[in-house]
Asks: 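Pasting in a structure now, in structure tokens, and then I'll have a few things to ask.
Everything numeric in this text was worked out from a predicted model, so none of it was measured. In each ligand, atom 1 is the first atom listed, and ligand 1 is the first ligand listed.
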Amino acid sequence: NELIPLTFGALFPMESSAGGWAGGPACLPAVEMALEDVNKRQDILPGYRLQMNTSDSKCQTGLSIQQMYQFIYNDPKKLMMMTGCSTVTTVISEIAPEWKLVVLAYGASSPALSNRERFPTLFRTHPSATIQNPTRMRLFEKWKWKKVTILSSVEEVFVSTAKDLEKSCSDKGIRVQRQSFFGDPADAVKTLKRQDARIIVGLFYEADARRVLCQAYKQGVYGRKYVWFFIGWYSNTWHIPPFEEHLNCTSDQMEIAAQYHFTTESLMLSLDSTPGVSGYTGNQFKNRLIERVDSDRSPGEMGGFPEAPLAYDAVWALALALRCTIRALPQNVKIEDFTYKNEAVAGQIFDCMKNTSFQGVSGRVMFSDQGDRIVQTQIEQMQDGKYQLVGYYDMTTKNLTWMGKEKWFGKGPPPDSTIVRQQI
Ligand SMILES: CC1(C)CO[C@@H](CC(=O)O)CN1
């Protein structure tokens with residue numbers, strides 16, 4: 001007897017000509033692998049076959065809306081939408097409720113998406129960029145810093161992350177200065193000096209980070225008096241200036257300025273040695289993906305490779321939510337009767353997605369009330385041009401796992417400002 005197909009629409013940014021994240025090359029094969037894994041199991045969607053219609057969104061909003069209409073106005077009916085980039089996820093999640101569709105984003109980090117008023121049916125297996133802020137706060141507490149400076153570029157994702165961190169600092173009685181720059185950071189770095197900034201959190205894309213680091217070197221905002229925090233998802237050699245950027249700093253100068261800075265980033269691949277619901281561990285997933293894509297480029301270079309576990313787990317979240325829906329619907333209502341207007345089925349899919357909780361290859365998959373993914377974060381420190389893992393932070397348990405591998409120019413962490421020596 002024929003399996004009944006259940007279809008979802010999926011957008012992958014296979015390239016990003018207009019800027020943005022080209023995560024499709026590694027995330028599409030990860031999703032295809034998850035579909036095969038789900039469909040070969042008898043206990044996930046018995047009697048059904050999960051399938052997807054895909055389009056290359058190029059990380060462009062206009063194109064993705066046009067593709068969404070194609071999904072909706074052509075059979076088969078789509079039960080859900082899966083998206084990548086934050087920009088595409090924003091527009092798709094704003095219009096999806098018109099067709100009572102849940103949106104599941106595997107590659108959207110923008111804090112603005114944590115908003116149930118604007119995005120009532122959005123869930124994401126990719127954490128918001130603000131998830132790094134509790135980790136930064138925990139380190140300020142560990143090293144007793146009560147004055148912090150935040151420097152961001154003007155992109156919305158970084159300004160909203162900076163504002164979130166600024167609020168967390170104020171709530172904890174930490175004095176915080178925040179400024180943002182567009183293009184050349186020279187004046188912004190000059191302001192850091194004038195403010196006597198010592199503990200500096202940088203929030204920008206990789207190319208801006210190089211410009212900031214070069215200015216820090218030129219203006220002497222580096223070394224024993226300073227601690228820089230950068231974002232951890234840059235490449236491991238991000239601080240080496242590419243020839244074409246004509247940065248007027250040498251690699252040696254950049255390495256000197258970068259010495260002992262910290263980074264924070266979301267853990268996207270589970271370190272757990274016990275397999276998850278798929279039957280695979282994070283590492284087994286990673287090796288299977290590398291086998292599958294056997295591209296001439298090294299897999300780590302493939303766009304979206306770090307986020308591939310999130311895409312794989314998104315299919316499992318979707319499949320388990322559909323299984324939950326099938327079990328919850330009354331006898332006379334079939335999930336295949338979904339019609340973009342059928343509140344009963346759509347409402348049940350939303351409720352099931354809301355209650356998602358399973359062990360994925362990217363770790364525990366659960367969503368907050370805003371549909372946000374909660375993950376652990378990883379802390380590294382650059383030591384002589386190489387990143388050294390120094391700790392993990394779990395914001396749900398507030399547990400900081402520290403390796404004690406960090407290094408300082410002096411005996412320990414520098415003070416957060418000029419300490420006026422108390423006259424004894
Ligand atoms: C960690 C990163 C690179 C943040 O941006 C995400 C893409 C986006 O938010 O548009 C993908 N993952």
Side-chain angles (χ1 to χ4, degrees), residues 10-28 30-31 56-65 81-94 103-115 118-119 122-133 135-136 152-162 164-165 202-209 229-236 238 263-269 300-314 362-363 370-380 387:
L11 297 175
F12 295 91
M14 299 314 286
E15 50 163 291
S16 64
S17 43
W21 175 67
C27 289
L28 174 55
V31 165
D56 174 1
S57 70
K58 296 186 172 56
C59 204
Q60 291 173 5
T61 49
L63 181 60
S64 66
I65 293 176
M81 280 297 294
M82 200 180 280
T83 58
C85 302
S86 284
T87 48
V88 166
T89 300
T90 303
V91 292
I92 298 301
S93 303
E94 274 187 321
V103 179
L104 193 47
Y106 58 84
S109 66
S110 169
L113 290 166
S114 311
N115 180 333
R118 269 185 77 190
F119 314 109
L122 171 62
F123 295 87
R124 37 181 176 167
T125 55
H126 191 300
S128 164
T130 52
I131 198 135
Q132 297 181 40
N133 287 338
T135 309
R136 295 170 177 133
S152 83
S153 54
V154 292
E155 286 86 356
E156 178 269 329
V157 59
F158 300 126
V159 170
S160 42
T161 302
D164 177 84
L165 181 58
L203 299 169
F204 20 68
Y205 286 119
E206 209 172 299
D208 277 335
F229 285 82
F230 289 112
I231 291 175
W233 45 255
Y234 301 160
S235 76
N236 280 340
W238 69 269
T263 63
T264 56
E265 64 189 294
S266 301
L267 262 183
M268 297 181 182
L269 184 71
E301 300 302 308
M302 287 192 75
F305 190 76
E307 292 86 355
L310 309 176
Y312 181 85
D313 283 345
S362 66
Q370 283 79 24
D372 281 348
R373 174 75 189 277
I374 311 291
V375 291
Q376 291 201 38
T377 55
Q378 167 179 289
I379 306 147
E380 292 183 323
Y387 276 116

Asks: Is it the case that the side chains of R124 and S114 hold a donor-acceptor pair, with the cut-off being a distance below 3.5 Å and no angle test?
Replies: yes

Asks: Mind checking what makes salt bridge (charged side-chain N to carboxylate O under 4.0 Å, His left out) contact with E94, not counting sequence neighbours?
Replies: R118

Asks: Holding to salt bridge (charged side-chain N to carboxylate O under 4.0 Å, His left out), I want the full list of residues that pass it with D164, two or more places apart in sequence or in another chain.
Replies: none

Asks: Pull out every atom of ligand 1 sitting under 4.0 Å from any heavy atom of G107, numbered as shown with elements.
Replies: 6 (C), 7 (C), 8 (C), 9 (O), 10 (O), 11 (C)

Asks: Where is the nearest protein heavy atom to atom 10 (O) of ligand 1: which residue, which atom, and how far?
Replies: S86 N, 2.8 Å

Asks: Verify whether the ring centers belonging to Y205 and F158 lie closer than 6.0 Å.
Replies: yes

Asks: Can an N or O of T87 be found at a distance shorter than 3.5 Å from an N or O of ligand 1?
Replies: no

Asks: Among all the protein's non-hydrogen atoms, which is closest to atom 4 (C) of ligand 1, and how far away is it?
Replies: S109 OG, 3.6 Å

Asks: May I ask you to check whether H126 has an N/O atom sitting below 3.5 Å from an N/O atom of ligand 1?
Replies: yes

Asks: Run the numbers for me: atoms of ligand 1, each under 4.0 Å from some heavy atom of W21, listed by number.
Replies: 7 (C), 11 (C)

Asks: Is there at least one pair of N or O atoms, one from E307 and one from ligand 1, spaced under 3.5 Å apart?
Replies: yes

Asks: Near A108, which atoms of ligand 1 are under 4.0 Å from a heavy atom of that residue?
Replies: 9 (O)

Asks: Would you say the ring centroid of Y234 lies under 6.0 angstrom from that of F204?
Replies: no

Asks: State which residue, out of T87, V103, T61, fulfils the side chain to side chain contact (heavy atoms under 4.5 Å, CB included) condition with I92.
Replies: V103

